Structure formats: structure tokens, C-alpha cells
Amino acid sequence: MRVILNSRHADHAAPGEFEAGAVVPCHEAPGRFGAIRGALEAAGGFTFENAAPNEECVAAVHHPAYVAYLRGASAEAKRANGGGLNSFWPTVFPFGPNPRARGAHALRGAYCFDVYTPILPGTFGAALGGASAAFRAAELVAAGTEKSVYVLSRPPGHHAEHDRCGGYCYFNNAAVAAQHLSRLGKVAVLDLDVHHGNGTQHIFYDRADVLTVSVHGDPAGLYPFFSGFADETGAGPGLGANMNVPLPPGIDPNGYRPALAHALDAVARFRPAFLVFAFGADTHESDPIGGLKLPTDFFGEMGAAVRGLGLPAVIVQEGGYNLGALGASAVALLRGVESR
Ligand code: Q9C
Ligand code: ZN
């Protein structure tokens, strides 16, 4: 299988995150990339390439003012670095409808929805690299050159909305791939990260030609808390083209299987021409933040089930935070996707 890499990923490395009132090392760390790449190399059968930066693909799904903010804030962090300040954190968020943001602190809150998503000197470049990798994969799949292409990237993307970062995500890589493919036919985005793909839902919420389906831990008890409920079904022309399947915490393969089958059935009934699969290995039983109970070999079954759709697919890496399980989970999944 062809793998498109974000070679700029390491330019973004958050120095920490808030957990239980303290600052701990950020789960979304550069080592995730090497863990997966190393496992794919050891497993064999994968070819790797870098993608050229492409700003147009980002502009197709994100607000220009948001893109300009991320570029400017990253550049400002680079300058501030000389003074020993290496990251900008949102701290205060808008009350009610987003007002006009005046000044750096207001901008940080206006273009972000949580405190897990700081801006560092390399954030813009790293996020652009990830979006560009997803776009390149979509190009290959659109051309029919490849049946399935995997995007190995971080930072992840599925929490990033049209004009806000959050949940370790800045540009929505899966949405970039889906937007490109949607020029050629209907697209289904299947999100199997343990967290609701709120950003992808938000970007395509009123679109009838892009189905978004997310299976995730119940947001009543899991990030992102404010979205991912079953009654969010789309709006306007997109009504009926969004599906959320929230799961109770601690679910194992026996609990996950019917939810996955339900999601795959919705995708099949939509009759898309293409699939974008947002894959998070944070459903693994050993994940430090996921809370589900899926063993490594279940990822093979998951991949084979997705392959059963028979759709040309872009597979985008989202979360997964146990470095000891991440590589094996990704290998099992991609082997499953390739199985016949
Ligand atoms: N300290 C993705 O998986 N909350 N994002 C962490 C633990 C933020 C997850 C709570 C989780 C964001 C792409
Ligand atoms: Zn996640």
C-alpha cells in the first residue's frame, strides 16, 4: 500500500496538556509518527512518499481568516521564541456568538475551542504538511491509480472545524481529502477514532453529497463533550447525511461490532463513489485516554469490514496515544484493508 507522509510533522510538538488540574506531557507527540512508520517498515509491503505543501487544498475547507490567523500566530511564536516564549495558548473563549476579535488573546480564543491546541512556531507548517498529504492521497485515489492510500500524519485533523482548531487538530485532513474527492462523486467519511469527529461533521453538516458517519465514545462522558450525539443528523440539504453512533464506555469487540455494522450499512446505503476513513487507534484497550477495550487483532477485523464496502479509500491517521500499541494497530488495520 502507498503511504503519504507528512515530513513536516515534527515541527509541531506541544510542550504539555492539562490533565486533572496539572500539566502533563502532551499525548499527541512526534513519537507517534515514528512508532507507526517503524511498524509499517518492519511489516513490509508499504511504499512511502512525501507530499508537497499545498495551500489551496486547505482553503477549500477552512475560512481564509482562520488560515491567516494560524499562519500569523505561528510566525509570531517563531519571533517570540527569541524571548523564550515558545507556545501560545488559548485561555479565554468568546461568550455566545463569536464577536470581533481585537488583539492576540481574543484571536487565540476566537479561533480555538479548547486548551489542548496551542500554537507553536512550526504549527502552521506541520498542519499544512498533513493536509497536503491527505490531498495527495485523494489525488491518487481520484485518478484510480490506487485503490487505498494511507496518510501517515500528525497533528491529527478530525476535530478541526471550518474556522476553529481544537482537540490537537488544526487543519482537517480527512475533510481536505473528502472535499477533493467530492468533485468527482459522492463521498462518505467514516470516522472510527474514539472521539467524535466534530470538525468533519461541522464542515459538511449542510452538504447532501458528503455523508459523515462517526462511531465514538458517548460525548456525555468523553471529549469533545458538546457534540457527537445521535440526534445530530445534518441540516438543510444535508439533513440525513450525518450520523453519530455514540458508544457506552469500556466497550469490547462484542459491543463494537454491531455499531460498526450499523455505520457501514449507512455508508453502503448512501452509495458513495469514494470513502475517506478517519482512523484513530485510540479505541485500543491500552490507550491512555480512550476508555474502550479493543485488542490489537480487532483492528484487522475492522480493516477487513471497511474493505468489504469495496470503495476506493483514503485512510487518514487521527488519534492513538499508546506508542506501544499504535504501530501494531495500524499494521493490523491496513493489512485488514488489503485482505481479500
Ligand atoms: N488529558 C484526537 O484523538 N482531551 N484528539 C484529552 C486527556 C483532548 C483527542 C484529555 C482529546 C483530543 C485526535
Ligand atoms: Zn481521538
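Indexing begins at 1, ligand by ligand and atom by atom, following the structure's order. Residue numbers run from 1 in the order of the sequence given. This one's a predicted model, so the numbers in the text were calculated from it and none came from an experiment.
Within Asp282, the N/O/S atom positioned nearest the Zn ion (ligand 2) carries the name OD2. Per residue Asp193, closest N, O or S atom to the Zn ion (ligand 2): atom name OD1.
For ligand 1, the atoms lying closer than 4.0 Å to a non-hydrogen atom of Glu17 are 1 (N), 6 (C), 7 (C). Here is the list of ligand 1 atoms found below 4.0 Å of a heavy atom in Ile289: 7 (C). Annotation for ligand 1: atoms under 4.0 Å from non-hydrogen atoms of His195 are 2 (C), 3 (O), 9 (C). Counting the atoms of ligand 1 from 1 in the order shown, those under 4.0 Å from a heavy atom of Pro156 are 13 (C). Listed by number with element, the atoms of ligand 1 under 4.0 angstrom from any heavy atom of Asp193 are 3 (O).
No donor-acceptor pair under 3.5 Å is formed between the side chain of Tyr111 and the backbone N or O of Tyr69. The closest donor-acceptor contact from the side chain of His195 to the backbone of Gly280 lies at 3.5 Å or more, if one exists at all. Checked by atom type and distance alone, the side chain of Arg335 pairs as donor or acceptor with a backbone atom of Ala43 at under 3.5 Å. A distance-only check finds no donor-acceptor pair linking the side chain of Gln201 to the backbone of Gly197 [under 3.5 Å]. Under a 3.5 Å cut-off, the side chain of His62 and the backbone N or O of Asn172 do form a donor-acceptor pair. Using modelled atom types, one side-chain atom of Asn198 and one backbone atom of His159 make a donor-acceptor pair closer than 3.5 Å.
In terms of protein heavy-atom proximity, atom 3 (O) of ligand 1 is nearest to Tyr321 OH, 2.6 Å.
In terms of N/O distances under 3.5 Å, ligand 1 is approached by Gly167. Polar contact check, Glu19 against ligand 1: a nitrogen or oxygen pair lies under 3.5 Å apart. On a distance-only criterion, Tyr168 and ligand 1 share no N/O pair closer than 3.5 Å. Polar contact with ligand 1: absent for Glu318 (N/O pair, distance under 3.5 Å).
One option in Phe225, Tyr223, Phe18, Tyr116 has a heavy atom closer to atom 10 (C) of ligand 1 than any other, and that option is Tyr116.
Put simply, Glu318 stays out of reach of the Zn ion (ligand 2), with no N, O or S atom under 2.8 Å from it. The Zn ion (ligand 2) has an N, O or S atom of His195 under 2.8 Å away, backbone or side chain.
Contact annotation: His159 has at least one heavy atom less than 4.0 Å from an atom of ligand 1. In this structure, His158 is part of the shell of residues with a heavy atom less than 4.0 angstrom from ligand 1.
Aromatic rings of Phe46 and Tyr150 (six-membered ring for Trp) have centroids beyond the 6.0 Å cut-off, not under it. Tyr116 and Phe18 have their aromatic ring centers separated by at least 6.0 angstrom.
Because its NZ or CZ atom is not both nearer than 6.0 Å to the ring centre of Phe274 and within 45° of the ring axis, Lys186 does not count as a cation-pi partner of that residue.
Summarising the geometry, atom CD1 belonging to Ile119 is positioned 8.0 Å from atom NE2 belonging to His12; distances are rounded to the nearest 0.5 Å.
In Asp282, the part holding a heavy atom less than 4.0 Å from any atom of ligand 1 is the side chain.
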| field | Worked check of salt bridge (Lys or Arg N to Asp or Glu O under 4.0 Å) between Lys147 and Glu338 | value | CA-CA 9 Å; Lys147 182 83 195 233; Glu338 288 177 312; over 6 Å; no

